[in-house]
Structures are given as C-alpha cells and as structure tokens.
Amino acid sequence: MAREPRYRLVKAHLLRELMERTGTGSDISGRELAARVGVANGTIDGLLNGSTKTQPSSVAHHISDVIGVDLLVLWAPTGRAVPAEDAHPDSARAAVSV
C-alpha cells in the first residue's frame with residue numbers, strides 16, 4: 001500500500017489567524033478544530049506551536065475545509081522542494097553534492 005502524501009504547514013501563525021475568523025466569519029478553537037477534523041487535540045496544538053510541521057494529505061485537506069480556505073493557502077506538498085519534518089537538512093545537501 002502506498003504511503004499517503006504529506007503536506008507541510010507553511011506558517012503556524014497564519015493557521016492561528018485563520019482560526020480566529022474562518023470562512024463562515026466565526027472563530028474556532030483548537031479543540032473544536034481537532035474534533036471536527038478527527039485528530040487529537042495535540043495535533044492541532046503541535047501545528048500551532050511549531051513542534052509538528054506536516055500532516056497526511058487527508059488531514060491537511062480537512063483542516064483547510066473546516067477553516068474555509070484553499071489547501072495551498074496553509075499547506076505545501078512535501079517532496080524535493082519542501083522537505084518533510086523528519087528529513088535531516090544535511091541529508092538533502094549530501095544527496096545534491098555528488
């Protein structure tokens with residue numbers, strides 16, 4: 001089975017700002033967002049405080065839908081140009097300096 005693609009949160013402060021005024025004009029708390037997306041409260045807290053950088057595609061899409069913004073306003077697909085949070089910066093440089 002193929003691994004689900006991951007998306008990296010572009011700016012944690014932007015997520016926080018968008019939670020203060022969603023697409024419906026109302027605010028949403030971290031707990032409410034987590035409940036509506038179906039993830040643990042710690043997942044949203046980690047995104048907001050920067051300790052968590054990426055999420056599976058399905059979670060990134062659902063967060064964007066609940067907040068009412070296009071996916072790429074908050075997220076960038078990981079890959080060659082956008083490293084996943086578990087990629088070590090030196091390993092990318094070592095692979096390029098052949």
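Below, each value reflects all heavy atoms present in this structure, side chains not excepted, and no hydrogens, waters or symmetry copies.
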How close do Thr22 and Met19 get, counting heavy atoms only, and between which atoms? CG2-O, 4.1 Å
Is there a donor-acceptor contact under 3.5 Å from the side chain of Ser57 to the main chain of Glu4? no
Considering all heavy atoms of both residues, which atom of Arg36 and which atom of Val66 are nearest to each other, and what is their separation? CZ-CG1, 3.8 Å
Residue pair Gln55 / Thr43, side-chain donor-acceptor N/O under 3.5 Å: no
Minimum heavy-atom distance Ser64-Leu71, with the two atoms named: OG-CA, 3.6 Å
Residue of the set Ile44, Ile63, Leu47 for which side-chain contact (heavy atoms from CB on, under 4.5 Å) holds with Val39: Ile44
If you look at every heavy atom in Thr52 and Thr54, which pair is closest and at what distance? CG2-O, 3.6 Å
Applying side-chain contact (heavy atoms from CB on, under 4.5 Å) between Leu9 and each of Leu48, Leu14, Leu15, report the one that passes. Leu15
Whether over 12 other heavy atoms sit under 6.0 Å from Asp70 CG: no
Side chain to side chain contact (heavy atoms under 4.5 Å, CB included) partners of Asp65, counting only residues at least two apart: none
Distance, nearest 0.5 Å, that separates CZ of Arg6 from CH2 of Trp75: 9.0 Å
Tightest non-hydrogen contact, residues Ala40 and Ala34, listed as O-CB, 3.8 Å
Check the hydrophobic clustering (I, L, V, M, F, W, Y; side-chain heavy atoms under 4.5 Å; chains of links allowed) and say if Val37 and Val10 are grouped together. no
Spatial distance of atom CD1 (Ile67) from atom NE2 (His62) [nearest 0.5 Å]: 11.0 Å
Contact check, side chains of Pro77 and Leu72, non-hydrogen atoms, under 4.5 Å: yes
